[in-house]
Amino acid sequence: MSPINRRLSLRCGLAAAAALALPRAQAQALPDTARILVGFPPGGAPDTMARRLADMLAGKLAKAVVVDNRPGAAGRLAVEAARQASTDGSTLLLNPAGVLTINPHTYKKLNYDPFKDFTPLSLVATIDFGFGVGAAVPPDVKNIADFARWAKAHPSKANYGSPAAGSPAHFAGDVLSRTLDLDMTHVPYRGAAPMLNDLIGGQLVAGILTLGDMVQQEKAGKLRLLASTGPARSKFAPQLATFGEQQVAGLDMRDWFALYIGGVAPPDVVARVAPMVRAVVASEAYVQALAMASLEAKSSTPQELEQLARSDFARWAPVVKASGFVADV
């Protein structure tokens, strides 16, 4: 072999070795562990999202990604943990919309600013709510107009439950009550399960809850769904008319969940992590996993998420004010 060919062969060999070593070097550069903070206990929709995201971000965000549940105080415990964590992308926060868009209107004092203390990354899911009735309501009540007539004929019985005081479901019910002049009593619960138990058992007349939590109960014949929120019918309950279709305005709202970094993250961290999250949310595996829980996978850019949060923040302000609700501090 000539000296020139020998040098060329050597260079090609070194380049090939470097190319083979690059993935290993990148893998070695990953931190051992990252975490996703969730302000809810294991088992619910937020936890389901977080665990699927953690599984699919492993090997990308860090070698392992774990879910860190910090339930309580309307999500504020998870928020505080995120605010105290590093902004290097190793700690993400799964925020429900209400942490940014409702809590600032209901709490007289908050330990965070909804737009200064979070760095948006991407939406991860959108959720519609269902309005349903249980055994306490006669079977001939099949839509919102029927329910309004029944509620006005039985004012002492007219009530509705939500999974938490100050939640989007709580205020959706308040909008419905005021729009139809029903004067329904709100019955707050600590979570979806006890509310569903009372609704199915007849101790509660009606309830508003994420649609996924109610669809399976309706299929089992344990409750009847009368309407859904959102601007269009949910693909998980296409037979169910929206409030708008039933001439009830103001309930085209949708809840959502998104990933954030607590504090102000450096631009290079956002540029690295945000596309990573969007790719996971757009993947067929994630879309199908959420669909099994009647949740719709949806991603966004950081800028789109910021705009959505500010728009919903402004939208909820008059709703909360009209309800007269103030959260306990």
Side-chain angles (χ1 to χ4, degrees), residues 40-49 125-164 167-170 172-177 180 182 184-230 232-248 251-255 288-296:
F40 297 87
D47 185 65
T48 298
M49 292 177 220
T126 60
I127 303 171
D128 292 326
F129 291 101
F131 178 79
V133 296
V137 179
D140 60 345
V141 173
K142 297 179 179 178
N143 55 43
I144 294 299
D146 292 343
F147 179 79
R149 284 192 291 270
W150 180 88
K152 287 178 179 179
H154 303 84
S156 63
K157 297 181 180 179
N159 61 30
Y160 75 96
S162 79
S167 65
H170 168 190
D174 186 73
V175 170
L176 177 64
S177 181
L180 298 180
L182 298 181
M184 288 192 292
T185 300
H186 174 233
V187 183
Y189 287 79
R190 291 191 174 185
M195 194 208 86
L196 278 173
N197 287 339
D198 280 1
L199 183 62
I200 292 168
Q203 293 83 17
L204 181 69
V205 165
I208 297 184
L209 195 59
T210 54
L211 197 56
D213 288 320
M214 304 185 89
V215 167
Q216 296 304 318
Q217 301 297 336
E218 183 183 50
K219 288 180 178 178
K222 296 181 178 180
L223 58 80
R224 299 191 308 284
L225 281 166
L226 305 184
S228 66
T229 65
R233 294 192 183 197
S234 169
K235 64 182 181 181
F236 304 114
Q239 80 291 347
L240 182 63
T242 65
F243 282 104
E245 288 180 282
Q246 299 184 63
Q247 312 307 310
V248 180
L251 285 167
D252 57 345
M253 59 189 68
R254 243 179 200 156
D255 201 16
Q288 291 301 322
L290 263 63
M292 291 177 66
S294 299
L295 303 170
E296 186 168 358

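Just so you know, these numbers use all the heavy atoms, side chains as well, and skip hydrogens, waters and symmetry mates. Residue numbers start at 1 and run along the sequence shown.
- Here OG1 of Thr210 is found 8.5 Å from CG of Asp255. Values are rounded to the nearest 0.5 Å.
- Taking CD of Glu218 as the start and CD of Gln216 as the end, the distance is 10.0 Å to the nearest 0.5 Å.
- Taking all atoms of both residues into account, the shortest heavy-atom contact from Ala241 to Glu245 is CA-OE1, 3.3 Å.
- By the 4.5 Å heavy-atom criterion applied to side chains, Val133 and Trp150 are not counted as neighbours.
- With values rounded to the nearest 0.5 angstrom, Thr126 atom OG1 is found 8.5 Å from Leu295 atom CG.
- A side-chain donor-acceptor contact under 3.5 Å links Tyr160 to the backbone of His170.
- For the residue pair Met253 and Ala172, the shortest heavy atom distance occurs at SD-CB, 3.9 Å.
- For the atom pair CG of Asp128 and OG1 of Thr229, the computed distance is 4.5 Å after rounding to the nearest 0.5 Å.
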Evaluation steps, side chain to side chain contact (heavy atoms under 4.5 Å, CB included), between Gln217 and Leu209: CA-CA 12 Å; Gln217 301 297 336; Leu209 195 59; over 6 Å; no
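- The distance from the NZ atom of Lys222 to the CG atom of Leu199 is 12.0 Å, given to the nearest 0.5 Å.
- Using modelled atom types, no side-chain atom of Ser294 and backbone atom of Leu211 make a donor-acceptor pair closer than 3.5 Å.
- In this structure the side chain of His186 never reaches within 4.5 angstrom of the side chain of Asp174, judged on heavy atoms.
- The minimum heavy-atom distance linking Asp47 with Pro41 is given by the pair CB-O, 3.8 Å.
- Taking the side-chain contact (heavy atoms from CB on, under 4.5 Å) definition, one finds that Gln247 meets it with nothing, sequence neighbours left out.
- Of all heavy-atom pairs spanning Asp213 and Ala192, the tightest one is OD2-CB, 4.1 Å.
- Here the side chain of Arg254 pairs no donor or acceptor atom with the backbone of Gly230 at under 3.5 angstrom.
- Of the possible polar contacts, none joining the Asp198 side chain to the Gln203 backbone as a donor-acceptor pair under 3.5 Å is found.
- Partner of Phe131 under the side-chain contact (heavy atoms from CB on, under 4.5 Å) criterion, out of Leu225, Ile144, Leu251, Val248: Ile144 alone.
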Worked check of side chain to side chain contact (heavy atoms under 4.5 Å, CB included) between Leu240 and Arg233: CA-CA 7 Å; Leu240 182 63; Arg233 294 192 183 197; over 6 Å; no
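- Contact record, Gly161 with Tyr189: CA-CE1, 4.3 Å, taken as the closest heavy-atom pair.
- Two residues are said to be in side-chain contact when any heavy atoms from C-beta on lie closer than 4.5 Å; Leu196 and Leu223 meet this criterion.
- Note that CG of Asn143 and CG of Asp140 are 10.0 Å apart. Values are rounded to the nearest 0.5 Å.
- The nearest pair of heavy atoms linking Val137 to Arg224 is O-NH2, 3.3 Å.
- Lys152 NZ: more than 12 foreign heavy atoms inside a 6.0 Å radius.
- Contact annotation: the side chain of Glu296 never approaches that of Leu290 to less than 4.5 Å [non-hydrogen atoms, C-beta and beyond].
- The side-chain heavy atoms of Gln246 and Phe147, taken from C-beta on, include no pair separated by under 4.5 Å.
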